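A quick note: this is a predicted structure, and the numbers were derived from the prediction, not measured. As the structure lists them, so they are numbered: ligands from 1, and atoms in each ligand from 1.
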Amino acid sequence: FNDRLDQEIKKSDRSGLPLALLFLDLDRFKEVNDSLGHIRGDDLLEITAQRLNECTRESDTVARLGGDEFTIILSSLENSSNVYRVLESILSSVEQPFQLEHERAYVTASIGVTFYPSDASNAEELIKNADQAMYAAKNAGRNQTSFFTKNMQQASEARTRLANELYQALEKKQIWVAYQPIVELQTGRIIKAEALARWSHPELGEISPGEFIPVAEETGMIVDIGFWVIETALKQLQYWLHEKTLREDFTLAINLSPSQLTDQFLAKKVKNLLNVYQIPASHVEFEITESNLISGEWASEALQKISDLGVKVAVDDFGTGYSSLSHLKDYTIDVIKIDRSFVERIELTKPRQLFTAICAFSHSLEYETVAEGIETDIHDAICKEVGVTRLQGYYYSKPLPVTAFESQYFYAS
Ligand code: C2E
Ligand code: MG
Ligand code: MG
């Protein structure tokens, strides 16, 4: 592939005709691999390669870089509408069902596109561009193409800068933990809190976890940051338990990233912290997002070990992660947190029906149900009507620094 790309760049220089580089990554290939096995997965890749070949001209190049990643060079482009035609035919051909022995599988493709010479001056840059454009296509919701722009390059550079800054953030004590109250329906009192990481950067200001947690995940820094959050939150809990009058039914919820769950010693470390800080496990809950639950055996094993300590397990952002309901039984789950997006549109019929159905489902399986993102009295009233028992959102309180949380919890009348 590299050799071909170099050749095509030289040809383009000579002929003056541009070339397009496509970077294609299959969506949901991992699911096929995990559920049907590697052999069927390999079959699917072979069929994909054939289909890609059929969508392109003899003189184009189709290559597989590794995993489920393919690159395609469309050379000597006389006019750009050809590129659109090829892209369309690739998307629709990958979408066709794959017959793998007796099973049918479905995948889609995310494709990044970049042009030589208009977007880049050499092969290396061109590949980087196509990769960034593919990343944008994934982020935009998959099964689509995305053309490289200078903005993408800036966004990618910003991510790199953020990652470099993040490396020092813990050490420089720029990370801290905010606590958001979760209120009990019947009594209106704070029954839980969620610990949420915050990053105050001296020059860049407040950086939201929505921005830095994904960077921490991509770079592996989430393991250290996540553990620091756990330890900080548990130290706080120790103080409330032993120096203040924390009620016995109070639970502190802490978010876990998937890479923390791959740490086989996580349960041991947590057990150790609970011992050191003398915290009964029943005061602690770990949240894992629904989309991260799906992937494989190790997650269920790690969660089981955590659950065996007596710590509660919550499924976060429930309703967004495409998990099959039958999958849920593989996990020890205590709490379902219904995603904010349902509450956001709860005044509309469909979201409200969905919200009601999820509550009924959660209720009948005897999970505790928490609704996130309660912002208005209308949200609040409808949640109460539907019978959600735990409510979290700006309507009650934003996430607070420790002292503000303490005055809410310990001193509020
Ligand atoms: P999450 O776990 O779903 O946390 C709830 C998010 O919703 C928080 O955003 C919270 O501030 C926000 N929120 C709460 N009530 C409302 C409301 O009424 N309206 C709106 N619009 N938003 C509300 P935040 O703090 O920005 O955190 C975003 C995400 O970052 C969290 O989503 C969580 O997935 C992740 N995160 C935060 N801290 C950590 C951490 O220590 N470790 C890990 N692994 N992830 C973390
Ligand atoms: Mg959460
Ligand atoms: Mg959530």
Full working for side-chain hydrogen bond (donor to acceptor under 3.5 Å, both in side chains) between N79 and S81 = CA-CA 6 Å; N79 75 58; S81 67; 2.6 Å; yes
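- Q144 places a side-chain N or O within donor-acceptor distance of the main-chain N or O of R142, the cut-off being under 3.5 Å.
- The option from V223, I175, T232, D317 that lies nearest to atom 3 (O) of ligand 1, judged by heavy atoms, is D317.
- When H379, R198, Q180 are checked for heavy-atom proximity to atom 25 (O) of ligand 1, R198 turns out nearest.
- When only interatomic distances are considered, the shortest N/O to N/O separation between E372 and ligand 1 falls below 3.5 Å.
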Candidate pair Q174 and S200, rule side-chain hydrogen bond (donor to acceptor under 3.5 Å, both in side chains), full reasoning | CA-CA 5 Å; Q174 293 168 353; S200 306; over 6 Å; no
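- Not a single N, O or S atom of E372, from either the backbone or the side chain, sits less than 2.8 Å from the Mg ion (ligand 2).
- Counting only N and O atoms by type, the side chains of D27 and T108 include a donor and acceptor under 3.5 Å apart.
- Ligand 1 has no atom lying under 4.0 Å from any heavy atom of Q392.
- Aromatic ring orientation, W240 versus Y179: perpendicular (interplanar angle above 60°, classes split at 30° and 60°).
- Residue S257 approaches ligand 1 through these ligand atoms, each under 4.0 Å from one of its heavy atoms: 44 (N).
- By the 4.0 Å heavy-atom criterion, P399 is counted among the residues contacting ligand 1.
- Contact annotation for V229 and ligand 1: only side-chain heavy atoms (C-beta onward) come within less than 4.0 Å of the ligand.
- Taking 2.8 Å as the threshold, N255 counts as a candidate ligand of the Mg ion (ligand 2), since one of its N, O or S atoms lies below it.
- Using a cut-off of 2.8 Å, one finds that D317 contributes no N/O/S atom close to the Mg ion (ligand 2).
- Close contacts of ligand 1 with E375, meaning ligand atoms under 4.0 Å from a residue heavy atom, involve 17 (C), 18 (O), 19 (N), 20 (C), 21 (N).
- Contacts between K398 and ligand 1 below 4.0 angstrom, taking non-hydrogen atoms only, are absent altogether.
- Two rings, from Y409 and F250, have their centers less than 6.0 Å apart.
- Closest heavy-atom approach to atom 38 (N) of ligand 1 among the candidates A197, P209, A195: A197.
- Ligand 1 is approached by E194 to a heavy-atom distance shorter than 4.0 Å.
- Under 3.5 Å, the side chains of R85 and N82 contain a donor-acceptor pair of N or O atoms.
- Inspection of the Q304 and D308 side chains reveals an N or O donor paired with an N or O acceptor under 3.5 Å.
- For ligand 1 and E287, the ligand atoms under 4.0 Å from any heavy atom of the residue are 2 (O).
- Looking at D316, its N, O or S atom nearest to the Mg ion (ligand 2) turns out to be OD2.
- A donor and an acceptor atom, one from each side chain of S341 and D339, are located under 3.5 Å apart.
- Residue contact annotation: G373 has a non-hydrogen atom under 4.0 Å from ligand 1.
- The Mg ion (ligand 2) is closest to atom OE1 of E287 (considering only N, O or S atoms).
- Checking Q353 against T349 by side-chain atom types alone, no donor-acceptor pair falls below 3.5 Å.
- Taking the N/O/S atoms of E194 in turn, the shortest distance to the Mg ion (ligand 2) belongs to OE2.
- In summary, the side chains of E285 and T251 do not present any donor paired with an acceptor at a separation below 3.5 Å, with no hydrogens or angles considered.
- For the residue pair R4/T61, the side-chain donor-acceptor check at 3.5 Å is satisfied.
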